[in-house]
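Have a look at the structure below before the remarks.
Residue numbers begin at 1 in each chain, while the letters A, B, ... track the order of the sequences. All of these numbers come straight from a predicted model, not from anything done at the bench.
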Amino acid sequence: MFISSKQLIGSVAAAFALVLTSGATSPLVAQSVPGVTATEVVLGGLHPCSGPASAYCTIGKGAAAYFAYVNDKGGVNGRKITYKDLDDAYSPPQAMQLARQLVEQDHVFAMFNTLGTPSNTAIRPYLNQNQVPQLYVATGATTWAHDSSQYPWTIGWQPDYQSEAIIYARNLLKVAPNAKIGVIYQNDDYGKDYLAGLHKGLGPKSSLIVKEVSYETTDPDVSSQIGQLKASGADTFFIFATPKFALQSLVIAAQQSWHPTIYLNNVSANDVVMKGATEKGGATATAGVISVGYLKDPLDPRWANDSGLALFKQIMAKYAPGVDTSNLFYMYGCGAAYTMVDTLQKAGRDLTRQKLMDAAIHLNEANNPFVMPGIVVQTTPSNHFPITQEQLAKYDNGRFVPFGSIIDARPIIASESK
Amino acid sequence: MSAAIPLLAVRGLTVRFGGLTALEDVSFEVTEGCIVGLIGPNGAGKTTCFNCITRLYEPTSGEIVFKGENLLRRAPYEVARSGITRTFQNLALFDRMSVIENVLVGYHSRYASGNGSGQAEEAVRREALRMLEYLGIAEVATRPAHGLSFGTRKSVELARALMAAPELLLLDEPAGGLNHDEVAALGATFKRICSDFKTTILMVEHHMRLVMGVSDHVVVLDSGRKIADGTPDVVQRNPAVIEAYLGAV
Amino acid sequence: MAAAPLLEVSDLHASYGEIEALHGIALGVERGAIVALLGANGAGKTSTLRAITGVVKTKGTVRFGGNALNGHGPEDAARLGIAHVPEGRGTMGALTVWENLMLGAYTRRDRKRVLGSYERVVGYFPWLAERKKQLAGTLSGGEQQMLAIARGLMMEPQLMLLDEPSLGLAPIVVREIFALLKTINARDGVSILVAEQNTTVALEAATHAYVLETGRIVVSGESQALLRDDGIRRSYLGY
Amino acid sequence: MQELAQQVVSGLASGSIYASMALALVLIYRSMNVINFAQGEMAMFTTFIAWQLVQQGLPLWAAFTATIAVAFVGAVLLERIVIRPVERAGPLTIVIVTLGLLITFNGLAGLFWGYVIKSFPSPFPAAPINIGGVAFSSQDVGIILVSLASLGVISLFFAKTKLGLAMRAAALYPAASQVLGIRVSWMLALGWGLSAVVGAISGMMVAPVVFLDPNMMQGIVVYAFAAAVLGGVESPLGAVVGGLILGVLLNLLGTYVEFVGTDLRLAVAFAIIVAVLLIRPAGLFGRVSVARV
Amino acid sequence: MRLRADRNLAVAIVAIVIALLPFIVPSFSTFELTYVGAYAIAILGLIVLTGMNGQISLGHGAFLAVGGYVVAILAHRFGLSFWLSIPIAAIVSGIVGIGLGFVALRLEGVYLALATFSLAVATPSILKRFGDLTGGVMGIVLPPVAAPKVLAGVLTPVQWFYYVTWAFAGVLFLVTARFLGGRVGRSLRALRDNEIAAVSFGVNPHFYKTLAFGWSAAFAGIAGALIAIPTAYVSPDSYSSLLSITLLIGAVLGGIDTMWGALAGGVMIEFLPLWVQKINNAAPSVVYGVALILVMLVMPGGIAGTLLRLVQRRPPAPGDAVLRRTEPTRAVEQ
């Protein structure tokens with residue numbers, strides 16, 4: 001138990017040197033892998049459960065429920081998963097300290113699904129330096145994949161925001177090449193990544209954008225922003241917002257008698273938002289809203305008889321009783337946890353961190369029960385975006401109706417990286 | 001009364017708060033080396049007058065000249081450095097600080113005056129202790145100022161005011177709340193202070209025996225106006241003073 | 001003495017935080033009497049009045065009309081019929097004259113009888129009726145003192161406690177106020193305990209007086225006798 | 001021109017949100033010279049109670065009324081239990097205690113109701129109103145009217161009722177009020193109760209617009225502070241007018257001043273608070289009090 | 001005199017414990033204790049400002065941001081080592097603090113709390129607005145800390161920076177103790193206890209109040225730098241209004257009347273969020289909030305204040321200007 005930090009850092013440094021020179025696994029590390037015993041594998045994660053971003057707390061709970069289910073079924077390769085999920089309050093300094101605690105005190109084998117771009121950005125250098133896998137982070141920034149050569153121990157999971165925006169842009173260029181576009185985006189990494197994606201997707205036709213306005217999460221409402229967009233004469237409205245502000249945007253646009261074609265980002269394209277907006281703004285507020293999906297929305301009647309959804313409900317009922325399962329974040333947590341378990345499985349009985357990372361960049365998971373059928377969670381050593389496929393859908397009469405086939409953003413990303 | 005230049009001259013002092021007139025065209029002088037009593041019924045404007053001299057109130061009109069210099073041009077915190085300090089009617093000690101620290105704050109204006117700035121903290125502390133001994137309260141030096149008896153608190157205030165080595169010491173009701181033995185002793189203390197510290201005293205006081213006993217000169221205010229000014233004997237016989245304040249004896 | 005006095009105070013101690021301000025006061029106010037409480041600034045006059053109505057923390061006994069008062073707050077003293085006109089008059093400058101008067105009758109429910117009291121008070125101070133919409137803060141010092149007394153009367157009290165009614169007032173106004181107090185006392189049978197520094201005026205109005213010094217009663221007696229005693233005057237009253 | 005009108009109208013709508021919250025802040029400030037940092041969270045919490053009651057099948061107006069009652073009683077109890085012991089304490093203690101309440105209520109709401117936004121029913125019809133190209137909702141009009149109505153009721157209460165008069169007296173002159181038989185300490189509790197009622201009304205008016213979640217009020221409360229300071233923190237009328245001015249001002253600055261844009265609104269609110277406190281500390285409608293020593 | 005000897009002994013013991021800790025506790029604890037040191041410095045500034053001088057600041061997170069960003073920008077743009085950038089952070093933050101101090105001169109008690117609170121809330125959006133300088137929402141990644149070559153085998157980078165932080169803390173504590181014990185500290189406290197009396201004795205309120213603001217802001221700037229360096233990352237999300245609130249809460253919980261309060265407060269800020277998570281994982285903030293209220297009701301002097309009182313067997317202090325309300329002085333005299 002008691003290892004002086006000097007020894008630890010020393011051995012890590014030695015291991016690092018060995019890996020660099022030979023590419024082989026260091027015997028030092030192989031001897032005893034942190035967080036792994038014959039019966040247990042310890043994972044760590046950070047989600048904000050206090051402070052302004054607490055809504056995301058449920059993602060961790062969803063993942064924990066799935067792990068509990070797996071453990072009851074015998075675990076992975078005979079090992080039970082212990083998931084230490086801590087509250088970092090969405091604060092990077094706190095995330096840094098908790099990550100160190102998880103790595104150095106709790107000896108986690110890997111970090112799994114830490115939420116938020118700021119927190120993950122803060123802990124990424126530390127985890128990579130110490131060769132601790134930082135898996136399936138819960139943010140759609142492109143940096144997790146794009147900077148994988150610098151940070152090989154880090155990988156995302158969900159479709160990145162830029163690709164999503166590119167999908168919208170391509171769709172728009174096809175159906176309305178002369179649209180006048182107004183955009184509202186959240187003034188942070190999340191909103192700006194979407195905006196950047198939109199610009200990339202439009203390419204030379206970026207001039208179609210007639211007005212971009214941002215909001216802060218501290219803004220009470222966005223009526224001023226919507227008024228500006230309406231006044232700009234835009235006929236197409238991109239909403240890159242979190243649910244609360246997406247909902248407000250939809251309702252306020254309707255109330256200001258502005259009825260553009262609306263593209264709504266995936267995070268906010270859920271039942272809470274759409275039902276709420278329909279209720280407050282009338283059917284016209286939501287009719288024809290275009291979005292994409294990759295998870296199975298528990299409220300979508302399409303999945304009423306789906307076995308994946310049945311499994312989800314069964315797991316939540318047993319391991320997270322009493323929670324509101326219509327919250328898509330639980331589904332997200334389960335989906336990511338499924339991939340995590342899958343990865344552990346693939347990494348084999350003889351677990352090392354290196355093997356785990358190898359498995360993570362050789363994913364080919366066509367059967368994740370929580371994501372839409374046809375979407376394959378897939379990675380290669382040269383492609384670190386696990387989910388790149390999304391399904392366009394249009395809101396019609398109380399639900400999103402898919403149209404067209406599943407679009408894979410992978411070719412876009414590939415051309416993008418060049 | 002000598003014909004020397006007055007240490008302090010108050011000329012035509014008028015103070016109004018909103019519609020209330022607290023002082024109306026009050027003029028008097030304080031000569032160096034004497035004890036001047038400022039008397040009058042409660043609410044006559046005595047403390048207001050003090051507050052103007054220490055620059056806590058901005059007079060509506062009038063002039064206050066100290067050592068030939070117009071005090072009204074000074075900021076409130078510069079008055080102490082000019083050589084005027086005071087005590088307060090309702091006691092204004094720094095409650096959460098110890099007695100000695102209270103007294104040390106009294107030294108503050110002397111740091112800035114140049115001659116004191118070189119003096120080491122320890123020396124200043126010793127001087128403060130001596131001051132407490134002088135007033136007979138050295139044993140409470142390290143006690144916090146709150147929780148001391150009323151009389152002791154008044155002594156601490158006096159020590160703090162003296163610590164600034166003032167040329168003019170303003171005492172606001174020094175006898176208030178003291179019993180008659182203590183009041184009797186107070187008169188002697190003031191005379192001693194006057195000679196030991198070369199300090200001129202201007203005091204607001206109700207206790208007539210004390211005022212008349214120690215003052216060289218008495219100024220009487222009533223309802224914001226000066227109604228009499230002179231030696232104790234003269235003032236005591238002034239019909240206006242008897243009418244307004246002393247009552248028929 | 002036949003009946004127990006209206007107000008009976010014995011061995012009353014009062015303290016502010018750690019500092020004791022009163023060290024065992026004993027005094028009584030007979031029904032219908034005017035009693036003066038004399039002493040220099042800081043002698044404990046205000047504290048005594050405050051201790052009687054329970055504004056400060058006390059030890060000892062205060063009995064009013066047969067009820068033990070101490071241990072209760074000043075609100076209860078008011079409800080039992082003690083009108084305390086505090087030091088500095090306590091007139092509420094930001095409120096109108098009318099509002100001040102109505103607050104005096106705060107504890108009373110019968111609106112008709114409150115209006116009756118108002119009529120009687122206006123009888124004493126006719127100017128109040130004309131200026132009832134005026135803000136109390138714009139009244140002169142003497143008028144404010146009278147308003148404070150009027151407000152106390154709105155309570156229909158059995159006992160009025162007055163704290164330095166002469167404070168800051170011209171001698172002629174002081175005399176007017178004390179004359180009024182005597183009238184009120186005579187006509188309405190309100191007993192009065194008045195704390196004063198203005199010894200002469202107070203002793204002339206009062207039947208009985210107590211002299212306080214540093215929280216203790218040092219002298220008491222008939223006011224006429226005290227007024228005649230030069231020794232007492234010189235020793236304790238300071239002139 | 002049409003954009004200008006639209007911005008002014010939606011500024012008034014947002015402003016009325018700030019105004020209704022500022023009104024609640026002013027009520028507490030008037031009764032005990034304290035800024036209740038938890039005011040917004042208390043409003044949010046009571047709005048959740050209303051939401052819960054509606055979920056249980058209560059008609060909206062019944063839930064509304066019940067919530068107001070709960071808010072009043074709850075706040076009075078809160079004052080008795082938590083605030084009273086520190087009633088005479090200095091500003092720092094009270095600031096910390098109200099911050100503690102802020103944290104607690106926020107956490108409790110998250111614990112009970114989660115962080116997923118909830119749609120709160122509106123008592124006003126959903127159909128938008130469109131006058132000459134300027135569109136707004138009847139909810140916007142409703143909030144303005146309710147704010148003005150609250151202001152009217154409060155003003156009448158303080159001016160015309162015995163209890164209101166006693167509350168004013170107790171706040172301004174606690175010592176003098178006590179000896180008149182006014183139970184000053186209970187008046188403070190009553191002040192908390194009233195401001196919680198105004199806060200609850202505010203929350204229930206605001207929730208249909210901004211949607212209900214535990215952090216609903218965090219963005220609003222700073223603007224409510226600014227509105228209260230702008231109008232004069234002791235003046236209910238000032239709170240309402242300050243809120244409306246602030247709403248319009250922020251919208252116009254955000255729309256027409258490139259530098260401010262939509263992302264420096266908070267900084268503008270901060271600047272307004274500081275500027276008003278420096279230039280006219282009593283605000284637009286407050287009385288300038290004479291400082292005495 | 002015995003008291004002073006006791007105090008010196010206590011200081012020596014604490015210093016020795018702090019010096020030995022890295023060799024006793026595991027590395028990540030050393031890392032956490034580094035933050036304790038940084039928070040203690042920030043709280044020390046608040047003790048000077050709020051505890052000693054009576055000015056309430058709910059906006060010190062802004063100064064932490066200034067400190068953190070100065071270090072980050074200097075390191076990122078110019079590769080400046082933190083030996084140089086930390087003092088610069090202190091100076092820049094101090095200057096900003098003096099600027100705010102001028103504003104604060106006109107504000108009292110609750111008003112100052114209100115104004116500074118709104119600053120705290122506005123800080124992240126201001127940081128984002130000037131993205132060219134601050135890296136906008138993505139923030140700035142700092143290079144990792146490395147121990148100097150001579151110490152490479154002796155101290156790990158974590159231990160090294162622990163000592164750097166605590167060395168700063170030690171020096172700042174000593175400097176603060178020196179100043180607070182003398183004329184400056186007396187003047188600050190005199191202004192807090194009774195501004196009118198203090199002014200009457202020549203204490204310049206503008207100078208000392210502004211000084212206190214600048215002083216505490218400079219300390220917060222250093223703390224911000226010392227937090228940013230081991231975190232190796234600054235972003236607007238690190239400086240939410242919650243940080244400012246937490247700092248003041250830490251100061252009050254620790255004990256705002258005594259310099260020991262800075263230590264206790266630093267420990268509180270660092271570990272309380274962890275402890276409350278352990279008590280109730282579902283709603284940590286409820287535990288946090290309730291605990292805070294209880295502490296204020298039960299021990300208004302904070303942890304250090306209460307402990308000191310027990311040790312010295314002193315009665316509770318009365319009439320504090322900040323902790324207790326002073327009745328507004330209404331003039332009797334006209």
Where is the tightest heavy-atom contact between [X] and [Y], given as atom of each residue plus distance?
X	Y	result
A:Gln228	D:Thr255	NE2-OG1, 3.2 Å
A:Ala55	D:Tyr115	CA-CB, 3.2 Å
A:Pro220	D:Tyr18	CG-CE2, 3.6 Å
A:Gly227	D:Gln6	CA-CG, 4.2 Å

With a 4.5 Å heavy-atom cut-off, do [X] and [Y] have their side chains touching?
X	Y	result
D:Ser14	A:Ser223	yes
D:Phe211	A:Gln248	yes
D:Arg265	A:Asp219	yes

Checklist entry - Can you tell me if A:Lys280 uses its side chain to pair, donor with acceptor, with the backbone of D:Phe120 under 3.5 Å? => result yes
Interface moiety of [X] toward chain D, non-hydrogen atoms closer than 4.5 Å:
X	answer
A:Ala277	neither
A:Cys57	neither
A:Lys230	side chain

Does any heavy atom of chain A fall under 4.5 Å from the side chain of [X], the backbone, both, or neither of them?
X	value
D:Pro214	neither
D:Val116	side chain
D:Asn251	both
D:Leu266	side chain

CG (D:Asp140) and CD (A:Gln255) are apart, to the nearest 0.5 Å, by 6.0 Å
Calculate, to the nearest 0.5 Å, the distance between atoms CG and NZ belonging to D:Asp213 and A:Lys244 respectively.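 If we round to the nearest 0.5 Å, D:Asp213:CG and A:Lys244:NZ are 4.5 Å apart.
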#### Entry: Residue pair D:Gln7 / A:Ser224, side-chain donor-acceptor N/O under 3.5 Å
yes
From CA spacing to verdict: side chain to side chain contact (heavy atoms under 4.5 Å, CB included), D:Ile117, A:Leu247
CA-CA 9 Å; D:Ile117 47 166; A:Leu247 183 39; 3.3 Å; yes
query: Going through the distances and angles, do D:Ser137 and A:Gln256 end up as a side chain to side chain contact (heavy atoms under 4.5 Å, CB included)?
result: CA-CA 8 Å; D:Ser137 69; A:Gln256 293 191 358; over 6 Å; no
